[in-house]
Amino acid sequence: MSRILAIDYGKKRTGLAVTDPIGIIANGLTTVATHELLAFIKNYIQHEQVGRIVIGLPFQTNGKPSENQQRVVQFSKQLAKAFPDIPVTFYDERYTSVLAHQAMIDGGLGQKRRRDKALVDEISATIILQSYMESRYAKSE
């Protein structure tokens, strides 16, 4: 089996999450500087089998593309070129930052840790991945 890698792409930082090898559990992986992202993913894929990449596609609450959407689409093209055998899938990432903050509160993290933007990005990537997995499961029923 292979992992699914999820990306919460940001202008400065990007959160990453990944499934376990059999694709059941979503876990936060890390947050990396966006300018180092492609090199990080190349290195990761050399060591781990990745069968799909899911990228959060940012929309505004009114459904219109966000400012970051064009950068996300451009990066997805780089991924497709670098890894032609790994499918790249977009997944609507609206409200993931809000959900990440709520998860941090529910998890009992203090206010200082909740301000850690890198942690928020990693949790957001995990939420994108979990939501993607749940939507796939719902479609198969």
Side-chain angles (χ1 to χ4, degrees), residues 1-61 63-141:
M1 298 284 314
S2 59
R3 298 176 187 271
I4 301 171
L5 177 69
I7 301 171
D8 180 30
Y9 189 92
K11 189 175 181 179
K12 295 179 183 178
R13 285 174 321 280
T14 296
L16 297 167
V18 67
T19 64
D20 60 293
I22 58 174
I24 296 173
I25 300 169
N27 293 296
L29 180 60
T30 191
T31 302
V32 298
T34 298
H35 69 276
E36 299 171 356
L37 181 59
L38 190 57
F40 179 91
I41 293 172
K42 284 179 180 179
N43 184 55
Y44 185 81
I45 288 175
Q46 285 178 353
H47 297 94
E48 298 289 342
Q49 188 175 3
V50 174
R52 177 173 303 276
I53 299 172
V54 177
I55 302 178
L57 192 61
F59 288 95
Q60 297 176 32
T61 55
K64 294 186 179 185
S66 78
E67 171 191 333
N68 198 38
Q69 193 177 93
Q70 185 175 350
R71 286 187 286 269
V72 170
V73 171
Q74 282 300 113
F75 184 72
S76 74
K77 291 176 184 176
Q78 291 178 329
L79 284 173
K81 185 176 180 181
F83 310 107
D85 296 331
I86 301 175
V88 177
T89 303
F90 292 113
Y91 193 81
D92 187 346
E93 71 167 28
R94 273 181 282 194
Y95 309 113
T96 55
S97 292
V98 173
L99 293 170
H101 280 288
Q102 188 59 51
M104 294 168 87
I105 290 168
D106 293 347
L109 290 180
Q111 193 171 18
K112 185 176 181 181
R113 284 288 282 154
R114 292 193 311 258
R115 287 191 196 125
D116 181 351
K117 292 180 181 181
L119 181 58
V120 172
D121 292 340
E122 183 179 329
I123 293 171
S124 293
T126 307
I127 291 169
I128 290 166
L129 181 53
Q130 185 66 42
S131 298
Y132 170 78
M133 292 166 55
E134 288 170 1
S135 73
R136 279 188 26 188
Y137 179 74
K139 288 178 185 175
S140 69
E141 290 186 317

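Sequence positions, counted from 1, serve as the residue numbers for this chain. Everything numeric in this text was worked out from a predicted model, so none of it was measured.
Residues that satisfy the salt bridge (Lys or Arg N to Asp or Glu O under 4.0 Å) test with Asp92, not counting sequence neighbours, are Arg94. Not a single ring pair (Phe, Tyr, Trp, His ring centres under 6.0 Å) links Tyr44 to another residue, sequence neighbours left out. Residues passing the side chain to side chain donor-acceptor pair (under 3.5 Å) test with Gln69, sequence neighbours excluded: none. When the side chain to side chain donor-acceptor pair (under 3.5 Å) test is applied to Asn68, the partners found at least two apart in sequence or on another chain are Arg71.
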What pairs of donor and acceptor atoms, side-chain ones from residues 26-33 against any protein atom, are under 3.5 angstrom apart with sequence neighbours left out?
unit_1, atom_1, unit_2, atom_2, d
Thr31, OG1, Ala118, O, 2.6

Please tabulate, one pair per line, all N/O donor-acceptor pairs under 3.5 Å involving side-chain atoms of residues 76-86, not counting sequence neighbours.
unit_1, atom_1, unit_2, atom_2, d
Ser76, OG, Val73, O, 2.6

Donor-acceptor pairs under 3.5 Å, side chain of residues 10-17 to any protein atom, not counting sequence neighbours: which ones?
unit_1, atom_1, unit_2, atom_2, d
Arg13, NE, Asp121, OD2, 2.9
Arg13, NH2, Asp121, OD2, 3.4
Thr14, OG1, Gly10, N, 3.4
Thr14, OG1, Thr34, OG1, 2.8

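Taken from OG1 in Thr126 to CD1 in Ile25, the straight-line distance is 12.5 Å, to the nearest 0.5 Å. Atom CD of residue Glu93 and atom CD1 of residue Ile55 lie 10.5 Å apart, to the nearest 0.5 angstrom. In this structure, Glu134 CD and Ile127 CD1 are separated by 10.5 Å, a value rounded to the nearest 0.5 Å. In this structure, CG on Asp20 lies 9.5 Å from CD1 on Ile4, to the nearest 0.5 angstrom. Put simply, CD1 on Ile128 and CD1 on Ile7 are 9.5 Å apart, with the number rounded to the nearest 0.5 Å.
Within the structure, every pair that satisfies the ring pair (Phe, Tyr, Trp, His ring centres under 6.0 Å) test and touches residues 1-27, not counting sequence neighbours, is listed here: Tyr9-Phe75. Screening residues 41-55 for salt bridge (charged side-chain N to carboxylate O under 4.0 Å, His left out), with sequence neighbours left out, gives Arg3-Glu48.
Considering all non-hydrogen atoms of both residues, Gly51 and Pro87 come closest at O-CD, 3.2 Å. The two residues Ser135 and Tyr91 make their nearest non-hydrogen contact at OG-CE1, 3.6 Å.
Within the 4.5 Å cutoff, the side chain of Val50 has no heavy atoms near those of the Ile41 side chain.
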